[in-house]
Amino acid sequence: MRIEQNYSLLHHNTFGLAIKTRYFVEYESEEDLQKLLRDEFFFSQRFWHIGRGSNLLFLSDFDGIIVHSAIRGIEKIREDADEVWLKVGAGNDWDTFVAYCVENSWGGLENLSLIPGEVGASAIQNIGAYGAEVSERIEEVHAYCIETGEKIVFPHTQCQYAYRHSFFKEPENKGKYYVCHVVFKLSKKPQFRLDYGNIREYLAGKTASLELVRQAVIAVRSSKLPDPEKIGNAGSFFVNPYICIAHYEGLKKQYPDIPCFPVNEEVVKIPAAWLIDKCGLKGKTHGGAAVYEKQPLVIVNQNQASGEDIAALAAEICRVVKEKFYIDLQPEVNYI
Ligand code: EPU
């Protein structure tokens, strides 16, 4: 187990904030995690488990223990003529894992290429992009309950997956389970999903393959979203809001171009990017934080922003959107 004191989290948050934690603990095995969950000092402190820090906003230095998993390894646990089951350590880098699946011709995750983060967090957030959600490929989530120290195997059906949601994000479960492994079921006979965004356009004239779809997703994604290595950001800052049909119909009279995606008979999903754009907020700044010009759903650390700058800009976006559309935007990013 690696333990550091007064440790910089600069490389553990994709906003690139130069914040520090009093302690940083990184475990490499389930045995180490079990030890940690029996430690009295650990429970006497404030603590928070992070992945790659691609969905976090630190408002100040962290006066407690930041925990990180370095459980790696990818194990093939089962296979048949059509499918393969992989048990993957939570601390694996997400995109390295996607690349590994594509190299092995195992399909299902290629549309989720280049998403920053780690495998454990992908199963909690239910990451999604270009018409795919990771939950479609998750068979089981293996996690430790921090209250009992017990390991629990959650079958897919217990994970309560929905758009950007899971059992682990429910208010009463948040921060309560530390994922150690995720079991994925991947296809040896992949079916490509090309209808979202410009993926099909990018592939025009070519026969789709896992590698080409991955390249297309990487190209489309890179053209719209800022690379956190170059300019700090946490991807989508807000989730796309759900509103009732009556509310949508009312807005449509005033804004005939309002886009929407039906969720069920009563509810539609509205792109937050459109709402923010329509409020004229592209490029708006607060201190060193700015609304990204090419995709206003993203807040960037343009010029040595503090966590407070980013939070203040996010609050301003929420206020303006609420005033204009009567819609409450909810951050996807977790504030620490
Ligand atoms: N739009 C505008 N102005 C803009 C940009 C977009 O009005 O400047 C409108 C357009 O109508 C566009 C719509 O917003 O059709 C949606 O934009 P986009 O297709 O780029 O996707 P999104 O809904 O903003 C979601 C995910 C992304 C994921 C993309 C692609 C959420 C919160 N975000 O974004 O996820 O990459 O779809 O599948 O669901 C992330 O989570 O960090 C992330 C980037």
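Order of appearance sets the numbers: ligands from 1, and atoms from 1 within every ligand. Computation of the quantities below employed the complete heavy-atom set of this structure, encompassing side-chain atoms and omitting hydrogens, waters and symmetry-equivalent molecules. Index from 1, following the sequence.
For ligand 1 and Gly235, the ligand atoms under 4.0 Å from any heavy atom of the residue are 42 (O). Close contacts between ligand 1 and Phe238 involve ligand atoms 32 (C) [criterion: under 4.0 Å to a heavy atom].
Among protein heavy atoms, atom 34 (O) of ligand 1 sits closest to Leu297 CD2, 4.0 Å. When only non-hydrogen protein atoms are considered, atom 39 (O) of ligand 1 lies nearest to Tyr163 OH, 2.7 Å. The closest protein non-hydrogen atom to atom 16 (C) of ligand 1 is Pro271 CB, 3.8 Å. From the protein, the heavy atom lying nearest to atom 6 (C) of ligand 1 is Ala273 CB, 3.6 Å. Regarding atom 23 (O) of ligand 1, its nearest protein heavy-atom neighbour is Asn240 ND2, 2.8 Å. For atom 2 (C) of ligand 1, the nearest non-hydrogen atom of the protein is Asp277 OD2, 3.6 Å. Taking atom 7 (O) of ligand 1 as the reference point, the nearest protein heavy-atom neighbour is Trp274 CA, 3.2 Å. Protein heavy atom at the shortest distance from atom 38 (O) of ligand 1 is Tyr130 N, 2.6 Å.
Between the side chains of Glu75 and His181, no donor-acceptor pair is found at a separation under 3.5 Å. With 3.5 Å as the limit, one finds no donor-acceptor pair spanning the side chains of Asn126 and Ser166.
For the pair Lys269 and Tyr163, the cation-pi criterion (under 6.0 Å, within 45° of the ring axis) is fulfilled.
Residue contacts with ligand 1: Gln125 is excluded, as none of its non-hydrogen atoms falls under 4.0 Å. The closest approach between Arg164 and ligand 1 falls below 4.0 Å for a heavy atom of the residue. Not a single heavy atom of Glu293 sits under 4.0 Å from any atom of ligand 1.
By the 4.0 Å N-to-carboxylate-O rule, Arg319 lies close enough to Glu316 to be salt-bridged with it. The pair Asp80-Lys185 does not count as a salt bridge, with every side-chain nitrogen at least 4.0 angstrom from each carboxylate oxygen. Using a 4.0 Å cut-off between a side-chain N of Lys or Arg and a carboxylate O of Asp or Glu, Arg52 and Glu229 qualify as a salt bridge. The residues Arg78 and Glu139 are annotated as not salt-bridged, no charged nitrogen and carboxylate oxygen being separated by less than 4.0 angstrom. Ion pair Asp82/Lys189 flagged as a salt bridge, since at least one NZ, NE, NH1 or NH2 atom sits closer than 4.0 Å to an Asp/Glu carboxylate oxygen.
The aromatic rings of Phe167 and Phe154 sit tilted relative to each other, their planes meeting at an angle between 30° and 60°. The aromatic rings of Tyr335 and Phe237 sit perpendicular, their planes meeting at an angle over 60°, well past the 30° parallel limit. Using cut-offs of 30° and 60° for the angle between ring planes, the Tyr23 and Phe41 rings count as perpendicular.
With a 4.0 Å heavy-atom cut-off, ligand 1 is reached by the side chain of Pro259 but not by its N, CA, C or O. At a heavy-atom distance under 4.0 Å, only side-chain atoms of Leu225, from C-beta outward, approach ligand 1. Heavy atoms of Arg221 found under 4.0 angstrom from ligand 1 belong exclusively to the side chain. Using a 4.0 Å cut-off between heavy atoms, Tyr196 contacts ligand 1 through its side chain alone, with no backbone atom that close. The backbone and the side chain of Ser236 each have at least one atom closer than 4.0 Å to an atom of ligand 1 (non-hydrogen atoms only).
Within 4.0 Å of atom 10 (C) of ligand 1, not a single protein heavy atom is present. Contact annotation for atom 13 (C) of ligand 1: protein present (non-hydrogen atoms, distance under 4.0 Å).
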Verdict with supporting geometry, Lys253 and Glu249, salt bridge (Lys or Arg N to Asp or Glu O under 4.0 Å): CA-CA 7 Å; Lys253 283 192 192 121; Glu249 296 294 348; over 6 Å; no

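Taking the centre of each ring, Tyr178 and Tyr27 stay at or above the 6.0 Å mark.
Within the set Lys282, Glu332, Gln295, Lys269, the minimum heavy-atom distance to atom 8 (O) of ligand 1 is found for Lys282.
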